[in-house]
Amino acid sequence: MWPGTVHRSFECGVREMINDQKVMFSAMQATGDLTLGNYIGALANWVKTADDYMSFFSVVDQHSITVRRKVSDLRQNCRKSLAIYLAAGLDPEKHCIYYQSHVPAHAQLAWILSCHTYIGELNRMTQFKDKAAKNESNINAGLLTYPVLMAADILLYQADVVPVGVDQKQHLELTRTLAQRMNNLYGDIFTVPEPYITKVGQRIMSLQEPGRKMSKSDENPNATVFILDDKDTILRKFKRAVTDSDRTVRFDRENKPGISNLMEIYSVATGQELSEIEAAFDGLGYGEFKLAVGEAVVKMLAPLHERYEAIIQDKTYLDNIIKSHAEKANYFAVRTLWKVEKKVGFPVHIR
Ligand code: TRP
């Protein structure tokens, strides 16, 4: 249910506007092309559950500049990501799909929250420690305050549920802490969100080093399958996937990480249980199995590819969504922001 059907009084908060529908918020960075891991672990789950909530999905471009990258790449990746969200099946009639940087309230609330966050809390974040170690020449303040901006993303929309991978759990905990801290200090401002740690597809591993998670930025071009890879590329990458010297298709994460990873991908792509897959490929070689996995992934992504092509070529359609959804998001976000600004003592807006 969107503005137009909701109460338009400026005095009323997000909660009242949406008639107590539960809110879901999630987001992905636009730091590179989205991967099969992003699709299975995040996007596909969003699409499945989004209709049960009032849902907001953001392309968080402001988070992306914590690491230095090429300006034109970022802009292009943002557009691609948004088109992929739509092509994957998020429905712009029902859900809000927008760029973080188009909604100023994110940065504004992040400032206020950062004045309520202890440096010690941020220093403890494992993702900060990892990223700082990887970017020694650019340990900027944004890298440290990243989780505060993330908390602002979530709290602005009074989100009840936030689907995230397990690597984001600590950030969600901090978000909850900040929400509770603010509520204790100023009275009831924020909904305290529940993380929804998605289980399926959380461990889509590199096809080349199955001990590591599949990553956007892997240097080995065969390690990562991208959502937009074409058919031949996908088949080739699976064909080259690292397996083991045993010859049975059997699930055993510890001793057969490569095959187990492929089985998990195949299971998601076809809906078959691991035991069914073991039975189906009993006595067949790895070559045949790898081909089958590649083909299943191609088939799973084919409808997305088709929609993506149509969407990315329709400039007017995409631009309209970008504009109108930024307005939608602003409409909600500003209400939470003003409420917070009032509570912390800023002079009220004259309207
Ligand atoms: N930090 C998240 C990631 O790297 C992305 C993100 C930013 C996010 N803001 C969010 C996820 C809010 C969920 C909710 O994956």
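Bear in mind the structure is a predicted one, so any value in this text is a computation, not a measurement. Whatever order the structure lists ligands and atoms in, that order sets their numbers, starting from 1.
Counting heavy atoms under 4.0 Å from ligand 1, residue D167 does not touch it at all. Contacts of L149 with ligand 1, taken as heavy-atom pairs under 4.0 Å, are absent altogether.
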Would T177 and E121 satisfy side-chain hydrogen bond (donor to acceptor under 3.5 Å, both in side chains), going step by step from the backbone distance to the final call? CA-CA 10 Å; T177 301; E121 290 177 310; 5.4 Å; no
List the steps and the verdict of ring pair (Phe, Tyr, Trp, His ring centres under 6.0 Å) for H106 and Y157. CA-CA 10 Å; H106 287 252; Y157 301 92; 5.7 Å; yes
Hey, mind stepping through D52 and T49 against side-chain hydrogen bond (donor to acceptor under 3.5 Å, both in side chains) and telling me if it holds? CA-CA 6 Å; D52 300 337; T49 43; over 6 Å; no
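Ligand-side atoms of ligand 1 in range of V162: 13 (C), 14 (C), range being under 4.0 angstrom from any heavy atom. Residue I154 has at least one heavy-atom neighbour below 4.0 Å for each of these atoms of ligand 1: 12 (C), 14 (C). Counting atoms of ligand 1 from 1 in the listed order, those under 4.0 Å from a heavy atom of F25 are 12 (C), 14 (C). Taking every non-hydrogen atom of Q29 and a distance limit under 4.0 Å, the qualifying atoms of ligand 1 come out as 4 (O).
Nearest protein heavy-atom neighbour of atom 13 (C) of ligand 1: V164 CG1, 3.6 Å. The single protein non-hydrogen atom nearest to atom 11 (C) of ligand 1 is A27 O, 3.4 Å, given as residue, atom name and distance. At the shortest separation from atom 1 (N) of ligand 1 among protein heavy atoms lies Y146 OH, 2.7 Å.
Ring geometry for F56 against F332 counts as perpendicular: the plane angle is over 60°, on a 0 to 90° scale with 30° as the lower cut.
Side-chain contact annotation: D319 with T316, donor-acceptor N/O pair under 3.5 Å absent. Side chains of Y118 and N123: no donor on one and acceptor on the other come within 3.5 Å.
Geometrically, ligand 1 and H171 share no nitrogen or oxygen pair separated by less than 3.5 Å. Looking at S26 next to ligand 1, no N or O pair under 3.5 Å apart turns up. The shortest N/O to N/O separation between D153 and ligand 1 falls below 3.5 Å.
When every heavy atom of V23 is checked against every heavy atom of Q158, the shortest pair comes out as CB-O, 3.8 Å.
The six-membered or imidazole ring of H325 lies away from that of Y85, with a centre-to-centre distance of 6.0 Å or more.
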